Protein chains: 2
Amino acid sequence: MTTMKEIAEQTGVSVSTVSLVLNDRDAGRVKASIAAQVRDTARKLGYRPNPLARSLRTSRTRILAFVSEEIATTPYAGGIILGAQDAASTLGYMLFTVNADGRVDEETEIATLKRYGVDGFMYAKMSNRYANVPSSLGDYPVVLVDATDREGRFPSIEPDEFRIAYDATKRLIDAQCERIAYVGCSELMLAQDGRLEGYRRALEDAGRKFDERLVVNVLNNGPALQAVSDLFDREKPDGVFCFNDARAWYVYECAARRELTIGKDVSVVGVDNHRVFAETFSPQLTTVELPHYEMGYWATCKLVSMIEDRDLSDLQLPHTTAALPPLDAPIPAKIHCTLIEKESVRR
Amino acid sequence: MTTMKEIAEQTGVSVSTVSLVLNDRDAGRVKASIAAQVRDTARKLGYRPNPLARSLRTSRTRILAFVSEEIATTPYAGGIILGAQDAASTLGYMLFTVNADGRVDEETEIATLKRYGVDGFMYAKMSNRYANVPSSLGDYPVVLVDATDREGRFPSIEPDEFRIAYDATKRLIDAQCERIAYVGCSELMLAQDGRLEGYRRALEDAGRKFDERLVVNVLNNGPALQAVSDLFDREKPDGVFCFNDARAWYVYECAARRELTIGKDVSVVGVDNHRVFAETFSPQLTTVELPHYEMGYWATCKLVSMIEDRDLSDLQLPHTTAALPPLDAPIPAKIHCTLIEKESVRR
DNA sequence: GTGAAAGCGCTAACAG
DNA sequence: CTGTTAGCGCTTTCAC
């Protein structure tokens, strides 16, 4: 590891000059020729600043904290973290990923993170819901990921649940489905609210009536299959919008037992949570792809823009979220969803 | 953040004394009464050392790096990382988790990690295979996770693939299955080698003959279902050991189409990769639980023991890996697998 | 036993 | 324009 001191010695200037130049604060303060020399030997020696030493002075570490509760249990958490990591890396930051879920106390973790001098926090839930941000985070820049701050203090990045459901249902309408069911989630959460509303509105916008009997909310378990089965027998749906791919599997199973072909007798759109199912088991499924990677990416950009007071709006997302695919595409296709950014009420 | 200086002033001693005491290096160097006073005010002020400042002097950061390639695509990566994090937290370390898979160059990431002064590296693959550890890691403590160093330079933690297959097959034998098939993985990897060998040996130890026709190796795709279907028609297996739960699904599907009941007409043991499937879709499946969490945990302990030259053998794993469950358990049960630790050939 | 002093690598006032 | 100086919070040698 070469240091500024070495560069200073080699170039025959003082450390301060080197510091000035290498931090690009030499405009009209250091002679251009000297600056050039400094930069030259720096490059020659392969100089890279020591972030720890710098932090000690500036009390800025260029380290971000990603605090999550359900990192282990949720398969797609990886996507969010990956996006966050890529963004951090691109912006010159490092990421401490900690889970507050396990046997380690959340407050302790946050305290440790603070001691390490992180510049800001991402606070993530693993499916869109209201969150209580710990008050210990109050004086730091914070961005919520896949969650909404119940008190409206912090900005957040989350999927547009309403639009997900609206687009998915619209897709089924456009595919000429007459009896469109919704297999939802009986757990109380933001996502479920938005989804149900989007489903209802898409139907109404198409001049149809919302019918409660076509809706069933279930969990991931045995009774769920029975409930979906009942819906099939009672309502004979020809199109189903599913809360996620675990729910889609019940539909898939019910259809198989009735010798109905997915994509022909009954069209299914499912929101893709696990990926396993959509990719491996049911190629006939139309999936709404949740942009987890992008969520992590955007959240990080947002956080950095808050920290540095920098405008990051020119930053291109590596994978752009597209709108609905064209309708002449075959029904098994992917629907991309967009993200929304909620601003903090009081910053 | 209270500093040593403040403690020194409050107690009326010098900073060096405080440092000595608070690092427990005061045996016979500082008067006991003074030491007590120092500790007292430290506690009163809620003193916590600044790890950055300490690192600058000691060039030890108590930060570990977890470098992985497939963090995003593999659902169960979270378990490994969670285990690593919990262990790190318990041992007083932080964890930088980076993926070398994305758009960021692995060498660049490693260089950055080094600049931040990490004390050691975990290098993880997401299913047991040979790995080429980058030479830039050569002079650091390194532990491989779910992989084996091709050159034998570094120790590793990995599942005992042979025993997984042996135990699973034995279980089917004990369940009175006569025609036990193996649905394996056609990708070349360590895990597959060990699994096939364990399957074969369990059969032979039971006095049965290994029969190639009962083995089919597939990928995760359409032709896979066909291949398993052919095996069913041709061999009429009454027991199947599956490489992972994605493969188990093909078996499940084939059975359903032939009106065979899993757990009655045909017993299935699958290694659980995704969890989704086993938990949500097929409660009849006997699963071999891969101890991902434990792998991460152990790897971290191993790494720390290398860094600190500390003996961590007394450290209890939070979830212990059990042996086979008793045979009077109903066939849908969980089989726990053990981990093995490979030592480096030359350290 | 205890404290003064130096220094890890870097930044930022302030002289000159 | 450039160098000197001080100091971020901590550890560590070395006098006293």
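Here the structure is a predicted model, which is why all the values come from computation and not from measurement. In the text below, chain A, chain B and the rest are named by the order of the sequence lines, each starting its count at 1. Values reported hereafter were calculated over all heavy atoms of this structure, with side chains retained and with hydrogens, waters and symmetry mates removed.
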Separation of [N] [atom2] from [X] [atom1] (nearest whole Å):
X        : N       : atom1 : atom2 : result
Arg48(B) : dG9(D)  : CZ    : P     : 17 Å
Met1(A)  : dG9(C)  : CE    : P     : 11 Å
Leu20(B) : dG9(D)  : CG    : P     : 20 Å
Arg29(A) : dA13(C) : CZ    : C1'   : 10 Å
Arg60(B) : dG9(C)  : CZ    : C1'   : 19 Å
Gln37(B) : dT2(C)  : CD    : C1'   : 14 Å
Arg25(B) : dT11(D) : CZ    : P     : 10 Å
Lys5(A)  : dG7(C)  : NZ    : P     : 8 Å

Using a 4.0 Å heavy-atom cut-off, does [X] contact any base of the nucleic acid, only the sugar-phosphate backbone, or nothing at all?
X        : result
Val15(A) : base
Asn23(A) : sugar-phosphate
Leu52(B) : nothing
Arg54(A) : sugar-phosphate
Thr3(B)  : sugar-phosphate

Whether [X] contacts [N] is assessed here as follows: a side-chain N or O lying under 4.0 Å from the phosphate OP1 or OP2. Is that the case?
X        : N       : value
Tyr47(B) : dC10(D) : yes
Thr17(A) : dG3(D)  : yes
Ser14(B) : dA4(C)  : no

- Does Arg57(A) get its side chain close enough to the base of dG9(C), under 3.5 Å, for a donor-acceptor pair?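 Result: no qualifying N/O pair found.
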
- Message: Taking the side chain as everything from C-beta on, heavy atoms only, tell me whether Phe121(B) gets closer than 4.5 Å to Ile110(B).
- Response: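 They are in contact (side-chain heavy atoms under 4.5 Å apart), so the answer is yes.
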
- Message: Does any part of the side chain of Met122(A), heavy atoms only, come nearer than 4.5 Å to the side chain of Ile157(A), both counted from C-beta?
- Response: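 Sidechains of Met122(A) and Ile157(A): no contact.
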
- Message: If you assign Val13(B) and Ser16(A) each to the DNA chain C nucleotide with the nearest heavy atom, which residue ends up on the more 5' nucleotide?
- Response: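 First, find each residue's nearest nucleotide; the 5'-ward one identifies Val13(B).
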
- Measuring from Met4(A):CE to Leu45(A):CG, what's the distance to the nearest 0.5 Å?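 The CE atom of Met4(A) sits 13.0 Å away from the CG atom of Leu45(A).
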
- Message: For the OH atom of Tyr116(B) and the CD1 atom of Ile63(A), what is their distance to the nearest 0.5 Å?
- Response: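 CD1 of Ile63(A) is found 5.0 Å from OH of Tyr116(B).
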
- NZ/NE/NH1/NH2 to OD/OE distance under 4.0 Å, Arg43(A) and Asp40(A):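 Judged by the 4.0 Å cut-off on N to carboxylate O distance, Arg43(A) and Asp40(A) do form a salt bridge.
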
- Message: Which nucleotide wins on minimum distance to the side chain of Lys31(A), given the candidates dC1(D), dC10(D), dC10(C)?
- Response: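 Between dC1(D), dC10(D), dC10(C), the one nearest the side chain of Lys31(A) would be dC1(D).
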
